[in-house]
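Note that ligands are numbered from 1 as they come in the structure, with each ligand's atoms numbered from 1 the same way. Every value quoted in this text rests on a predicted model; they were computed, and no experiment measured them.
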Amino acid sequence: MSKRFLNDDFFESMESSIIEIKDAESLPPLCYTDREFFEFEKEAIFNHEWLCVGRTDWVPNKGDFFTTSIVNEPVVVVHDRDGEIRAMSSVCQHRAMLVAEGSGNTRTFTCPYHHWVYSLKGDLINAPAMEKTCNFHKEDSGLPQFKLELWHGFIFINLDNDAKPLTPRLAALEPILANYDIENTEGPDADKNIKYDFSWKVMFENNNDGYHANRLHHGEFHDYIPSELAAFPDELPEDTAGYFRTNGTLHKDASFNPTQKALMPVFPKLNEEERNRMAFANLPPSLSLVLTSDAVIYLILRADGPESHYLDLGVLFAKGAMAEPDFDVNMEQVIERALDINAQDVHVDEMVQIGLRSRYAPRGRYSWQEGAQRQFNTWLVPRYRALWEQMKAKQDKAQ
Ligand code: FES
C-alpha cells in the first residue's frame with residue numbers, strides 16, 4: 001500500500017469529526033471515494049469487525065443454505081445436519097470455483113467444476129481422480145470456516161479468527177431493543193442483492209440521519225417524525241460495537257405507510273414511551289435497524305468497493321402478523337411508502353457520491369440534529385487510528 005495521503009496529518013485531521021457536535025465537521029471526502037483508502041479501511045474495519053450477513057430465519061431447516069459476499073469475500077451460510085448454523089468460504093479449495101450459488105437445501109456442496117464434494121461442515125469428503133496426486137490429503141482442503149455469532153436472530157461472521165465476541169459489546173443497545181422481541185418476529189422474504197453505486201458510509205449516514213427526515217421527505221412521508229424530536233444518548237461505552245438514537249413522533253404508533261399509523265399488530269411488549277417514538281440502531285459496518293411500533297426494518301450493507309455496496313433489505317413484524325387476514329393488503333401499503341421514501345434517499349445518496357468526488361467537496365459542519373453522524377465518526381475514527389498506529393510501529397521496527 002503506498003502512502004500518498006496516509007500520514008499523521010491525515011489521521012490527526014479526523015479528530016475534528018469526533019469532537020462535540022457543535023464544533024465537529026464531517027470526515028475527509030476521500031474516505032468515501034478513494035480506492036487506496038478503501039483498502040486501508042478493509043483492514044481497519046472489515047477484516048476484524050463482526051459483519052452481519054443474514055438472519056437465522058433464512059435457513060430454518062437442516063440443509064438450508066444461502067450465499068452472500070462482503071468485501072468481495074464469497075460466503076456460504078448453512079444450517080448443518082447437527083442443527084448448527086455455520087459460515088464458511090464458498091471458494092472451492094481446488095481451483096477456486098464457488099461451490100454454492102443462491103440459496104436452497106442440500107446434503108452436500110458439490111463443486112460444479114470437477115465435482116469435489118464438501119460436507120455441510122465444510123469437510124472435503126470426495127475428490128475424484130486425485131489418488132495419483134502426491135501429498136494430497138483431503139483433510140487439508142476443507143472450506144475455510146468463519147467465526148459466527150447470533151444476535152437477535154441476525155447472523156454475524158468475523159473474518160478474524162481471533163476477534164473478541166460481539167454480544168458483550170452490544171449491551172448498550174439491549175434496553176432499546178428488548179421490547180421488540182426481535183428473535184420472535186416474522187417477515188416476508190428480504191429483498192436481497194440490491195446494488196448501489198455509492199459508498200457504504202453514505203448509505204449508513206443516510207439511514208440514520210434525522211436531520212433530513214422532514215426536509216428531504218417533507219410532507220406526508222415524514223412530517224409526523226420531525227427532526228426536532230431527534231434525541232441522542234449520552235456517551236456510549238468506548239468499546240461499544242453499536243449505537244442508537246431515538247426520534248419522537250407526533251402521534252402514537254406512527255409507522256411508515258400511507259396511513260402514518262401502525263397497520264400491522266403493535267409489538268405487544270412496547271411501553272408508552274416506545275410507542276411514541278421510533279428508534280434507530282446501528283451496528284457498523286453492516287447492519288442498520290429502524291424500529292417502529294409495528295415493524296423492524298433491517299438493512300444489511302455489504303461493501304464491495306469504495307463507491308459501491310450491496311443491500312439486503314427486510315422487515316420484521318410481531319409473531320402472527322403474517323396470518324392476519326389483511327396482511328397482504330397492508331403489506332402493499334408498507335411497500336408502496338417504502339419505495340417512495342427509498343427513491344428520494346437513493347437519489348440524494350447518488351448525488352452525494354458525485355459531490356464527494358469534487359475538488360470542492362467539503363468537510364461540512366453539522367446541525368445538532370446530526371448527532372448520529374458524530375456517533376458514526378466516533379465508531380470509525382479510533383479504528384482507523386489504531387491501524388495507522390500499528391502500521392507506523394511495524395515500519396519503525398523494520399527500520
Ligand atoms: Fe472445484 Fe475444481 S474448482 S472441483
Side-chain angles (χ1 to χ4, degrees), residues 1 35 38-39 42-43 46-150 155-163 189-190 192-195 200 286 300-306 308-312:
M1 184 185 289
R35 165 66 58 183
F38 181 66
E39 293 304 319
K42 268 163 67 176
E43 180 55 20
F46 290 91
N47 289 352
H48 302 286
E49 289 296 333
W50 289 90
L51 310 172
C52 184
V53 291
R55 282 194 52 81
T56 53
D57 52 20
W58 297 2
V59 282
N61 304 307
K62 289 180 182 175
D64 286 350
F65 73 91
F66 68 85
T67 57
T68 186
S69 68
I70 188 160
V71 287
N72 301 307
E73 206 49 72
V75 178
V76 58
V77 176
V78 62
H79 188 151
D80 74 15
R81 295 280 151 205
D82 295 332
E84 196 182 330
I85 294 178
R86 54 176 65 236
M88 49 203 158
S89 169
S90 61
V91 177
C92 181
Q93 295 300 290
H94 178 221
R95 276 171 44 206
M97 172 64 186
L98 303 188
V99 301
E101 292 178 66
S103 59
N105 185 279
T106 188
R107 296 188 73 79
T108 55
F109 294 113
T110 300
C111 179
Y113 204 173
H114 313 96
H115 289 194
W116 282 24
V117 180
Y118 299 88
S119 74
L120 298 190
K121 291 188 186 301
D123 300 323
L124 179 62
I125 51 179
N126 193 28
M130 292 293 288
E131 63 281 354
K132 293 183 185 171
T133 304
C134 295
N135 296 319
F136 172 72
H137 307 290
K138 287 206 289 280
E139 54 276 21
D140 298 336
S141 296
L143 297 174
Q145 305 286 308
F146 297 126
K147 258 178 116 101
L148 181 144
E149 216 174 294
L150 304 179
I155 301 169
F156 285 81
I157 65 166
N158 204 306
L159 307 181
D160 177 358
N161 284 328
D162 297 323
D189 289 345
K192 295 176 189 164
N193 294 315
I194 309 164
K195 180 80 189 268
W200 70 276
S286 59
I300 299 174
L301 282 64
R302 298 184 282 109
D304 72 332
S308 62
H309 68 280
Y310 288 91
L311 172 72
D312 302 325

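The distance from ligand 1 to the heavy atoms of Arg95 drops below 4.0 Å at these ligand atoms: 3 (S). Those atoms of ligand 1 that come under 4.0 Å of a heavy atom in Trp116, given as number and element, are 4 (S). Contact atoms of ligand 1 toward Cys92: 1 (Fe), 3 (S), 4 (S) (distance under 4.0 Å to a heavy atom of the residue). Counting the atoms of ligand 1 from 1 in the order shown, those under 4.0 Å from a heavy atom of Met97 are 3 (S).
Atom 2 (Fe) of ligand 1 has an N, O or S atom of His114 inside 2.8 Å of it. With 2.8 Å as the limit, His94 does not count as an N, O or S neighbour of atom 1 (Fe) of ligand 1. Residue contacts to atom 2 (Fe) of ligand 1: Cys111 brings no N, O or S atom closer than 2.8 Å.
The part of Tyr113 lying near ligand 1 is the side chain, judged by heavy-atom distances below 4.0 Å.
Note that the CG atom of Leu311 and the CD1 atom of Ile194 stand 4.5 Å from one another [nearest 0.5 Å]. Remark: Leu120 CG to Thr106 OG1 distance equals 6.5 Å, nearest 0.5 Å.
Using the six-membered ring where Trp is involved, Phe136 and Trp116 have ring planes that are tilted, between 30° and 60° apart.
Between Arg55 and Asp57, at least one side-chain N (NZ, or NE/NH1/NH2) sits under 4.0 Å from a carboxylate O, which counts as a salt bridge.
No donor-acceptor pair under 3.5 Å is formed between the side chain of Asn126 and the backbone N or O of Tyr118.
Only one option out of Asp312, Ile157, Val76 pairs with Val53 in a side chain to side chain contact (heavy atoms under 4.5 Å, CB included); it is Ile157.
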